[in-house]
Amino acid sequence: MEKSLRSLLDWYERAGVDVPDLPPARSVRRVRPVKAEAPPPPAPKPTAFTAADPAPVAAACKTIAELKAALDAFDAGPLSDGARQAVLARGNPDADLMVIGEAPGRDEDREGLPFVGRSGQLLDKMLGAIGLASGGGDEDDVYVGNVCFWRPPNNRKPDPAELELCRPFVHRHIELARPKVILLAGGTAMQVMTGVSGIMKNRGQWQSVNVGTGDIPALPIYHPAFLLRQPALKAEAWQDLLTLRERLAEG
Ligand code: URA
């Protein structure tokens with residue numbers, strides 16, 4: 001701009017026009033780029049919770065009552081903080097059959113017993129259909145527990161770390177109950193207890209659960225909560241119950 005004005009004035013001057021001096025060019029003030037505000041320092045991470053080692057605690061339990069007391073006193077961090085109570089078992093601990101499910105839900109958390117909500121009612125119906133009493137007393141043909149002892153927040157699935165924390169207690173639970181046969185209700189229980197994943201293709205196939213007292217035959221079935229959402233799968237669940245009945249009849 002400055003340059004073109006200068007050459008225009010030169011041209012007038014050469015043409016004889018009296019041209020006034022141009023004021024000295026004003027230096028253009030450079031506007032310093034505004035420095036972006038430094039990002040705030042990252043918020044300190046909440047200190048990760050480290051639970052006490054559950055293995056010696058579980059191993060020290062000599063009875064199911066002691067196991068329950070140990071769970072009641074165990075600090076499982078956010079998992080136990082978010083639950084009303086530890087949920088261990090219902091039914092007859094001397095039964096040949098032990099059912100192992102996933103984790104307590106809202107009803108179980110409130111009552112302190114596993115499988116007392118809608119999926120528990122279906123479980124009882126399923127077991128009743130093959131002649132097994134499972135209403136919740138000492139006369140039952142079944143003992144019922146889970147692989148996770150506290151209700152996870154918002155009824156979500158227990159995460160792998162939570163399941164690992166519970167594992168020594170689950171193993172001790174089985175060792176103390178000494179069932180002859182285990183029914184694994186759902187993919188989570190199957191995965192935790194056998195390492196096998198994929199309930200759709202492994203249900204109804206005998207697996208083995210290894211605890212300190214030896215190997216126990218275990219049959220994975222669809223979780224009753226899944227059957228409530230997928231009633232068309234009840235026909236397959238019925239086949240699995242017949243497989244279970246056959247095995248129990250063998251003694
Ligand atoms: N689902 C489970 O797996 N366990 C319960 O105790 C209740 C619902």
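Read the numbers this way: they start at 1 and go in the same order the structure lists the ligands and their atoms.
With salt bridges taken as basic N to acidic carboxylate O contacts below 4.0 Å, one links Arg90 and Asp124. In summary, Arg151 and Glu108 do not engage in a salt bridge, as defined by a charged side-chain N under 4.0 Å from a carboxylate O.
Of the protein's non-hydrogen atoms, the one nearest atom 4 (N) of ligand 1 is Asn146 OD1, 2.8 Å.
Applying the under-4.5 Å side-chain rule to Ile, Leu, Val, Met, Phe, Trp and Tyr, the cluster around Leu113 extends to Val116.
For atom 5 (C) of ligand 1, the nearest non-hydrogen atom from the set Ala103, Ser119, Pro114 belongs to Ala103.
Shown in contact with His223 at under 4.0 Å from a heavy atom are these atoms of ligand 1, numbered in order with element: 1 (N), 2 (C), 3 (O). Near Gly101, meaning under 4.0 Å from one of its heavy atoms, ligand 1 places the atoms 3 (O).
Taking only nitrogen or oxygen atoms, main chain and side chain alike, Glu108 does not reach within less than 3.5 Å of ligand 1. The shortest N or O to N or O distance between Phe115 and ligand 1 is under 3.5 Å.
Asp240 is not listed as a side-chain neighbour of Leu244, based on a closest heavy-atom distance of 4.5 Å or more.
With sequence neighbours excluded, no residue forms a side chain to side chain donor-acceptor pair (under 3.5 Å) with Lys234.
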